[in-house]
Amino acid sequence: MGEAIKEAVAAEEHVAPGAISGFIAKFTVLRGARRELWLTFLIKFLIYAAYSVTNKTMVLWLSKDLGFSDQAAGALVGWVWAPAMTVFTLLAGSLTDAIGLRRTFFLGVAICTVARSVMVVTTIPWLALVCGVLPLAVGEALGTPVLLAATRVYSTTQQRSISFSIIYAIMNVGYFVAGWVFDFVRRLDFHPTFFGFAPTTHQQLFMVSLGLEIILFPTIYFLRRRAERERETHPTILGTIRASAAETTDLFRRLLGQSAFFRLLVFFLLIGFLKAIFLQMDYVFPKFGDRELGLNAPVGKLAGINSILIIFLAPLVGALTQKYSAYRMVIIGGAICAAGVFIMSLPTDWFVSAANSVPGQFLGHSYLGVSGTIHPYYVMTTLYLAVFSVGEAFYSPRVYEYAASIAPPGQEASYGSLAYLPFLVGKLLVGTSGWLLAAFCPEQGPRHSGIMWFIFALAAAVAPVGLFVFQRYIRVHEAGRAD
């Protein structure tokens, strides 16, 4: 992997400073990018489209198809499946550095394909969890750090910031497509039968994820890297496994001996409070939407507002802020995100006139396809997501860049995998969502959803405050940055 980075740095080109030409040059640095970088972008889209469809469906599937309560479904997602995926992601980084990008991609996609197949065909709780959900966590974990490492390896130093911004935008294209698919399948209310098998709406959504997963196989086949050829000299599969295990153990041991490793851990723990807000759109919002806005509310299209904005904002902000350190941008973006969440905790009466206005009617009737009166939460959610998206464009791509840019040569995937540690913290926090939903937004009875959102907003504020106050102790120098 170190040789590939040297090749990338050698291919580095100068970007002319200067007004319009300098701004355009920030994007045109990708003109000579390697084919593998473009394939990485495509793989990113397919993986995250499949992942997002599954994520939005998971909580509803657990409750409606498998019979779990709000509390149990939230705990299974927040404290079992999601943390398991994060833990495996942390371990997968070292494995990727040991056996190479392409092999790890293939292994992860194969496991995901089998796991999704199980989730499509069964509603037996123990079988769905043991043979579907948990293996899926392993498969997803094997794919995530590889994408970060591939972006770092296949891009030059000049291309690095814009590449991470673009790959983050592509991820949001996947989220946007997944949101539309989620709403479409739910509203279609289709009841097909295949040789006596009648998949539920949620199983049909899992079938879409499975289809996207299968498409990944030919895509990954065309992803190659010269630097991995020397790893193919192992005479047997057993020998390859032994050598990879030894190298993985050695890499992880070296990580534990680096001071930057522990400072990065604290950095990511704080970021986790922001990720909890991001995750609630999948784990909380589907039930919140059905209960506050009506059954089968278009929560996918609502979440798509965030994706639409990020698709344009992430590359734009990335281009305009290339000269600034990733750490600084994370603080600024985190503060904006936290401020946006507080909008959802405000009284809905304040937004009735906005919901009845021309923009509010266009939002509800034209974009979301809602009939009748437009609930103020539609407007509030739109405003919240707009502000949150601005902050996200500043901070989120730079979190991944920060992990990659402070990584020692040859350990890009190991450090890149740590960029998913915030999701572990966020998922543990979201694991309480079942109790919050039951207490403040129950399926039956009075609701006080504003209190639930206020709790989320306070949690989000922990990140920028902590990063600013403790930056003297946790900040690490970024490669290629003067500050």
Side-chain angles (χ1 to χ4, degrees), residues 42-66 73 76-78 81-82 85 108-123 128-129 132-144 147 168-190 192 199-217 219 278-290 296-308 310-311 368 423 427 430:
L42 176 58
I43 292 170
K44 181 80 170 183
F45 166 75
L46 293 172
I47 284 180
Y48 272 85
Y51 170 76
S52 183
V53 171
T54 300
N55 240 19
K56 294 180 185 302
T57 309
M58 186 68 72
V59 171
L60 294 174
W61 172 69
L62 288 170
S63 292
K64 301 297 183 181
D65 290 22
L66 303 188
L76 283 170
V77 168
W81 180 72
M85 185 170 61
V109 172
I111 294 174
C112 284
T113 300
V114 174
R116 292 187 194 282
S117 299
V118 173
M119 294 167 68
V120 165
V121 300
T122 185
T123 55
L129 295 177
V133 174
L134 289 180
L136 182 60
V138 177
E140 293 282 7
L142 290 174
T144 45
L147 290 166
Y168 194 76
I170 290 173
M171 177 183 72
N172 281 274
V173 174
Y175 284 151
F176 177 77
V177 171
W180 278 77
V181 169
F182 180 77
D183 287 345
F184 175 77
V185 173
R186 291 214 302 164
R187 289 197 171 189
L188 187 62
D189 197 24
F190 186 47
T200 66
T201 298
H202 306 118
Q203 288 174 316
Q204 293 173 41
L205 286 165
F206 288 154
M207 291 173 68
V208 174
S209 296
L210 177 61
L212 293 171
E213 199 76 49
I214 293 173
I215 297 174
L216 278 166
F217 281 103
T219 307
F278 180 81
L279 291 165
Q280 59 80 23
M281 290 303 294
D282 285 336
Y283 299 144
V284 176
F285 217 81
K287 286 187 175 180
F288 165 81
D290 281 354
N296 293 333
V299 294
K301 290 182 181 179
L302 272 175
I305 294 173
N306 169 251
S307 300
I308 293 172
I310 287 296
I311 289 168
L368 297 175
F423 281 100
K427 289 163 185 175
V430 170

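Computed from heavy atoms alone, side chains included, the values below leave out hydrogens, waters and symmetry copies. Computed from a predicted structure; not experimentally measured.
The ring-ring contact (aromatic ring centres under 6.0 Å, His included) search around Phe206 returns Trp61, not counting sequence neighbours. Every residue two or more places apart in sequence or in another chain that forms a salt bridge (Lys or Arg N to Asp or Glu O under 4.0 Å) with Arg186 is listed here: Asp290. With sequence neighbours excluded, no residue forms a side chain to side chain contact (heavy atoms under 4.5 Å, CB included) with Val121. By the side-chain hydrogen bond (donor to acceptor under 3.5 Å, both in side chains) test, Gln280 pairs with Tyr384, sequence neighbours left out. With sequence neighbours excluded, the residues that form a side-chain hydrogen bond (donor to acceptor under 3.5 Å, both in side chains) with Lys287 are Ser63, Asp70. Remark: Phe45 engages no residue in a ring-ring contact (aromatic ring centres under 6.0 Å, His included) (not counting sequence neighbours). Every side-chain hydrogen bond (donor to acceptor under 3.5 Å, both in side chains) that Thr54 has, sequence neighbours left out, goes to Arg116, Ser209. Considering only residues two or more places apart in sequence or on other chains, Phe182 meets the ring-ring contact (aromatic ring centres under 6.0 Å, His included) condition with none of them. With sequence neighbours left out, the side chain to side chain contact (heavy atoms under 4.5 Å, CB included) criterion links Phe190 to Leu188, Pro192, Gln204. For Tyr175, there are no side-chain hydrogen bond (donor to acceptor under 3.5 Å, both in side chains) partners at least two apart in sequence or on another chain. For Thr200, the side chain to side chain contact (heavy atoms under 4.5 Å, CB included) partners at least two apart in sequence or on another chain are Asp65, His202, Gln203.
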| query | Run the side-chain contact (heavy atoms from CB on, under 4.5 Å) check on Leu142 and Ile111 step by step: do they pass? | reply | CA-CA 9 Å; Leu142 290 174; Ile111 294 174; 3.8 Å; yes
| Between Val173 and Ser307, is a side-chain contact (heavy atoms from CB on, under 4.5 Å) present by the stated rule, with each step listed? | CA-CA 6 Å; Val173 174; Ser307 300; over 6 Å; no
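At distances below 3.5 Å, at least one donor-acceptor pair connects side-chain atoms of Thr113 with backbone N or O atoms of Val109. Within the 3.5 Å criterion, the main-chain N or O of Arg187 finds no donor-acceptor partner in the side chain of Asn296.
Evaluation of the salt bridge (charged side-chain N to carboxylate O under 4.0 Å, His left out) test over residues 52-63, restricted to residues two or more places apart or in two chains, returns Lys56-Asp282.
Note: Leu129 CG to Met119 CE = 9.0 Å, rounded to the nearest 0.5 Å. The CG atom of Asn55 sits 7.5 Å away from atom CG of Leu279, with the distance rounded to the nearest 0.5 Å. Atom CG in Leu216 sits 4.5 Å away from atom CG in Leu46 (nearest 0.5 Å). Between atom CE of residue Met207 and atom CG of residue Leu212 there is a gap of 12.5 Å, rounded to the nearest 0.5 Å. Interatomic distance, CD1 of Ile43 versus CD1 of Ile215, reported as 13.0 Å (0.5 Å rounding). Between the CZ atom of Phe285 and the CG atom of Leu302 there is a distance of 5.5 Å, given to the nearest 0.5 Å.
A 6.0 Å sphere centred on CZ of Phe278 holds more than 12 heavy atoms belonging to other residues, nucleotides or ligands.
Among all heavy-atom pairs drawn from Leu66 and Ala128, the shortest one is CD1-CB, 4.1 Å. Annotation for Met85 and Ala141: closest pair O-CB, 3.4 Å, computed over non-hydrogen atoms. Pairing each heavy atom of Ala49 with each of Ala178, the nearest pair is O-CB, 3.7 Å.
Leu136 has its side chain within reach of Trp81: a pair of non-hydrogen atoms, C-beta onward, lies under 4.5 Å apart. Taking 4.5 Å as the limit, every side-chain heavy atom of Pro286 sits out of range of all side-chain heavy atoms of Val59.
Ring geometry, Tyr48 versus Tyr51: the interplanar angle exceeds 60°, so the pair is classed perpendicular (tilted spans 30 to 60°).
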